[in-house]
Amino acid sequence: MVAKTFQGLEDVLAEELRGLGAVNVEPGRRMVSFEGDLRMLYRANMCCRTALRILKPIYKFIAHDSDSLYEMAKEFDWASVISLDKTFAIDTVSYSDEFTHSRFVTYRVKDAIVDWFRDRFGPESRPKVRLQDADVMINVHIAGERVTISLDSSGESLHKRGYRVAQTEAPINEVLAAGIILKSGWRGDCPFVDPMCGSGTFLVEAAMIARGINPGVYRHRFAFESWPDFDADMFDEIYNDESSEREFNYKIYGSDISPKAIAIARENVKSAGMAKYVELSVKPIATWTEAPAPNGVIVTNPPYGERIGSEDMEGLYSTIGSRLKHAFKGYHAWIIGYREEYFRCIGLAPSFKMPILNGALECELREYIIFEGDYKGFRAEGGSIRSEAKHAEKRTMRRESDREWTDRARRGGMGGKFARTDRKAPARDGGFRKERSDFKAPRRDAERPSSENPLAVRRNEQALKMLVGRRPQLPPADGNVTMRPRKGWKRPDSDTSNSNN
């Protein structure tokens with residue numbers, strides 16, 4: 001089977017699947033492949049917080065063009081997955097020079113399915129196509145000439161949990177929110193705060209994680225419930241299994257500057273049945289003077305200045321940094337953002353950062369550890385930016401991230417708002433060297449011979465600024481070149497100079 005997810009959450013999803021008992025779990029690009037039985041398929045849909053959908057591959061072949069695609073698709077026994085009284089829909093993803101139009105691929109596969117039924121049951125006998133809420137969802141994935149046809153066992157994307165009754169503008173995706181919380185290491189063992197909570201997605205997902213409640217319990221339907229081999233008794237047993245649920249002895253705190261957002265968050269929290277564990281308040285980030293409880297975790301998604309913004313974005317991020325430093329000592333803060341210049345306004349050194357996709361935006365997730373006093377005092381008291389357990393966990397995430405970024409670099413450059421930063425190395429004083437943020441992955445043409453002019457190879461902004469408004473200095477008419485003396489150096493007489501030379 002294949003579980004689809006967001007880029008950056010592959011390692012978290014892989015751990016979820018291993019925890020459910022899946023075998024041969026292999027993370028890939030925005031997906032994780034795994035093996036298991038029918039019970040495993042049901043559990044993956046019910047329990048995985050970071051999966052967007054669960055696919056079951058049923059047919060693989062090679063197609064060189066549209067005609068061979070049609071012929072090969074028509075060879076499959078479609079009666080094994082679709083009956084005449086069922087509706088079906090097709091979703092196509094194509095990474096191919098030959099199949100560049102996904103809708104055309106969808107039409108060709110649909111024609112192959114319909115013609116298969118017509119050839120066997122008569123010209124008027126065929127299952128109907130239905131774009132929304134179809135009984136059988138078929139996924140077509142093309143990579144080059146390799147075609148994989150799968151059954152989509154989820155139907156609607158699994159991020160649509162079913163508890164959201166209203167939303168603010170540009171809410172964060174539920175799967176992404178759960179993935180960020182899981183990456184933070186928070187499992188309900190301390191207070192949780194989102195000081196810019198919007199419609200409350202982080203709050204609800206955190207409450208579900210803390211209580212051990214499966215995200216699928218809110219869903220009204222999964223696509224596999226319409227499959228011919230659907231085992232209703234097995235699914236009911238999985239649905240009603242409460243063995244993973246546990247007590248939560250702390251609180252989750254959410255606030256926002258907007259009364260409307262808090263009203264929406266309150267409705268969503270109530271719909272999810274988590275009102276007992278979540279406290280909400282209308283409160284601008286600038287008015288936080290102390291944390292609601294000592295030693296907790298902050299996870300928040302501030303405005304990016306794209307769809308939602310502030311009149312003073314730099315000021316907003318500066319306020320975030322100030323409030324973290326003065327009101328949330330002892331906390332670990334995780335912030336997802338889009339623009340490097342806004343991150344810099346926070347004014348704190350991140351202990352960890354990684355690229356992550358939020359929809360179509362190439363964002364970055366950063367952790368800030370807030371401690372008392374300055375860093376030297378923190379270290380002198382035996383403090384550490386990262387505990388050994390977290391260090392090991394994040395080292396694993398870095399390896400996965402490094403593989404992804406290396407693959408992208410080999411394919412011809414990074415693009416986007418962020419390039420991978422150099423890993424921090426320990427400095428002699430026990431601290432960390434300042435991280436570079438101007439690292440760019442090598443381009444395809446990085447092998448070209450270097451030029452004598454460094455500006456011809458890579459644009460050097462600092463050098464260009466130094467050149468602006470200057471004129472070349474020509475030697476004087478007598479032919480003697482006047483050189484600027486070095487500081488603290490006196491020109492010797494010519495005889496001495498010649499003897500020294």
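Treat the numbers as computed from the prediction; the structure is a model and nothing was measured.
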Legend entry - Audit row: Glu367, Ser184, side chain to side chain donor-acceptor pair (under 3.5 Å) steps and yes/no: CA-CA 8 Å; Glu367 179 195 29; Ser184 77; over 6 Å; no

Legend entry - Backbone of Gly155 reached by a side-chain donor or acceptor of Arg53 within 3.5 Å: yes

Inset, instruction - Determine, step by step, whether Ile320 and Met196 satisfy the side-chain contact (heavy atoms from CB on, under 4.5 Å) criterion, reporting the C-alpha distance in whole Å, the side-chain angles of both residues, the deciding distance to 0.1 Å, and the verdict. - result: CA-CA 10 Å; Ile320 292 172; Met196 290 177 282; 3.5 Å; yes

Inset, instruction - Give the minimum heavy-atom separation between Pro191 and Tyr331, together with the two atoms involved. - result: CB-OH, 4.4 Å

Inset, instruction - Please report the shortest heavy-atom distance between Arg18 and Glu15, naming the atom on each side. - result: NH1-OE2, 2.6 Å

Legend entry - Reported OG1-to-CZ distance for the pair Thr287 and Arg323, which is rounded to 0.5 angstrom: 9.0 Å

Inset, instruction - Would you indicate whether the side-chain heavy atoms of Val299 and Ile180 approach each other to under 4.5 Å? - result: yes

Inset, instruction - Compare all side-chain heavy atoms of Tyr317 with those of Pro302 and state whether any distance is below 4.5 angstrom. - result: yes

Inset, instruction - State whether the side chain of Thr319 and the backbone N or O of Gly315 hold a donor-acceptor pair below 3.5 Å, judged by distance alone. - result: yes

Inset, instruction - Calculate, to the nearest 0.5 Å, the distance between atoms CG and CG belonging to Leu9 and Leu52 respectively. - result: 8.5 Å

Legend entry - Value rounded to 0.5 Å, distance of CD1 in Ile172 from CD in Gln167: 13.0 Å

Legend entry - Between NZ on residue Lys329 and CD on residue Glu290, distance to nearest 0.5 Å: 11.5 Å

Inset, instruction - Report yes if some heavy atom in the side chain of Asn139 is under 4.5 Å from a heavy atom in the side chain of Thr148; otherwise report no. - result: no

Inset, instruction - Can you tell me which residue pairs pass the side-chain hydrogen bond (donor to acceptor under 3.5 Å, both in side chains) test with a partner in residues 261-275, sequence neighbours excluded? - result: none

Inset, instruction - Would you name the heavy atoms of Ser199 and Ala166 that are closest together and state the gap between them? - result: CB-O, 4.4 Å

Inset, instruction - Nearest 0.5 Å please: distance from the CG atom of Leu348 over to the CD1 atom of Ile335. - result: 8.0 Å

Inset, instruction - Taking side-chain hydrogen bond (donor to acceptor under 3.5 Å, both in side chains) as the test, write out the residues that go with Arg246, two or more places apart. - result: none

Legend entry - Under 3.5 Å: donor-acceptor pair, side chain of Ser255, backbone of Pro195: yes

Inset, instruction - Taking atom CZ of Phe230 as the centre, report whether more than 12 heavy atoms of other residues, nucleotides or ligands fall under 6.0 Å from it. - result: yes

Legend entry - Six-ring centre of Phe343, Arg366 cation under 6.0 angstrom, axis tolerance 45°: yes

Legend entry - Minimum heavy-atom distance Arg161-Ala178, with the two atoms named: NH2-CB, 3.8 Å

Legend entry - Tyr218, OH: over 12 other non-hydrogen atoms inside 6.0 angstrom: yes

Inset, instruction - Check the side chains of Ser226 and Arg221 for a donor-acceptor pair under 3.5 angstrom, ignoring hydrogens and angles. - result: yes

Legend entry - Met1 and Leu41: CA distance, side-chain angles, deciding distance, side-chain contact (heavy atoms from CB on, under 4.5 Å) verdict: CA-CA 8 Å; Met1 289 171 278; Leu41 184 142; 3.5 Å; yes

Legend entry - Shortest non-hydrogen contact from Leu17 toward Cys48: CD2-SG, 3.7 Å

Legend entry - Residue that, paired with Trp334, satisfies ring pair (Phe, Tyr, Trp, His ring centres under 6.0 Å) out of Phe352, Phe202, Trp186: Phe352

Inset, instruction - For the pair Ser153 (side chain) and Ile54 (backbone), establish whether a donor and an acceptor sit closer than 3.5 Å, ignoring hydrogens and angles. - result: yes

Legend entry - Whether Ser94 side chain and Phe99 backbone form a donor-acceptor pair below 3.5 Å: yes

Legend entry - Side-chain donor/acceptor of Glu10 to backbone N/O of Thr5, under 3.5 Å: no

Legend entry - Plane angle bin for Phe235 and Phe222 - parallel if under 30°, tilted between 30 and 60°, otherwise perpendicular: perpendicular

Legend entry - Close aromatic pair by centroid cut-off 6.0 Å: Tyr42 and Phe224: yes

Inset, instruction - Looking only at non-hydrogen atoms, find the nearest pair between Ala14 and Pro27 and report the distance. - result: CB-CG, 3.8 Å

Legend entry - Ring centre gap for Phe328 and Trp288 strictly below 6.0 Å: yes

Legend entry - Sidechain-backbone polar pair: Lys251 side chain, Lys276 backbone, donor-acceptor under 3.5 Å: yes

Legend entry - Sidechain-backbone polar pair: Asn358 side chain, Cys363 backbone, donor-acceptor under 3.5 Å: no

Legend entry - Intermediate values then yes/no, side-chain contact (heavy atoms from CB on, under 4.5 Å), Tyr368 and Ile370: CA-CA 6 Å; Tyr368 300 89; Ile370 318 301; 4.1 Å; yes

Inset, instruction - From the options Arg49, Lys160, Arg164, select the one residue that forms a salt bridge (Lys or Arg N to Asp or Glu O under 4.0 Å) with Glu174. - result: Arg164

Legend entry - Tyr239 side-chain N/O to Val217 backbone N/O, donor-acceptor pair under 3.5 Å: yes

Inset, instruction - Evaluate the side-chain proximity of Phe6 to Asn173: yes if any heavy-atom separation is below 4.5 Å, no if none is. - result: yes

Legend entry - Electrostatic pair Lys183:Asp11 at N-O distance under 4.0 angstrom: yes

Inset, instruction - Check whether any side-chain heavy atom of Val129 lies under 4.5 Å from a side-chain heavy atom of Thr87, and answer yes or no. - result: no

Inset, instruction - For the pair Arg43 (side chain) and Leu20 (backbone), establish whether a donor and an acceptor sit closer than 3.5 Å, ignoring hydrogens and angles. - result: yes

Legend entry - Arg339 and Tyr304: side chain donor to acceptor below 3.5 Å: no

Run the side-chain donor-acceptor check on residues 31-38: report pairs under 3.5 Å with partners two or more places apart or on a different chain.
unit_1 : atom_1 : unit_2 : atom_2 : d
Ser33  : OG     : Glu26  : O      : 3.4
Glu35  : OE1    : Asn24  : ND2    : 3.0
Glu35  : OE2    : Asn24  : ND2    : 3.4
Asp37  : OD1    : Arg39  : N      : 3.3
Asp37  : OD1    : Met40  : N      : 2.9

Legend entry - His141 side chain reached by Val2 side chain, heavy atoms, under 4.5 Å: no

Inset, instruction - Check step by step if side-chain contact (heavy atoms from CB on, under 4.5 Å) holds for Ile252 and Phe248. - result: CA-CA 10 Å; Ile252 295 170; Phe248 175 48; 3.8 Å; yes

Inset, instruction - With the side chain counted from C-beta on, respond yes when Asp194 and Ile298 share a heavy-atom pair under 4.5 Å apart, and no when they do not. - result: no

Legend entry - Modelled atom types, side-chain donor and acceptor of Asp241 and Ser243, under 3.5 Å: yes

Legend entry - Pairwise side-chain contact, Lys283 with Asp256, heavy-atom cut-off 4.5 Å (strictly under): no

Legend entry - Distance (rounded to the nearest 0.5 Å) between Glu205 CD and Ile213 CD1: 11.0 Å

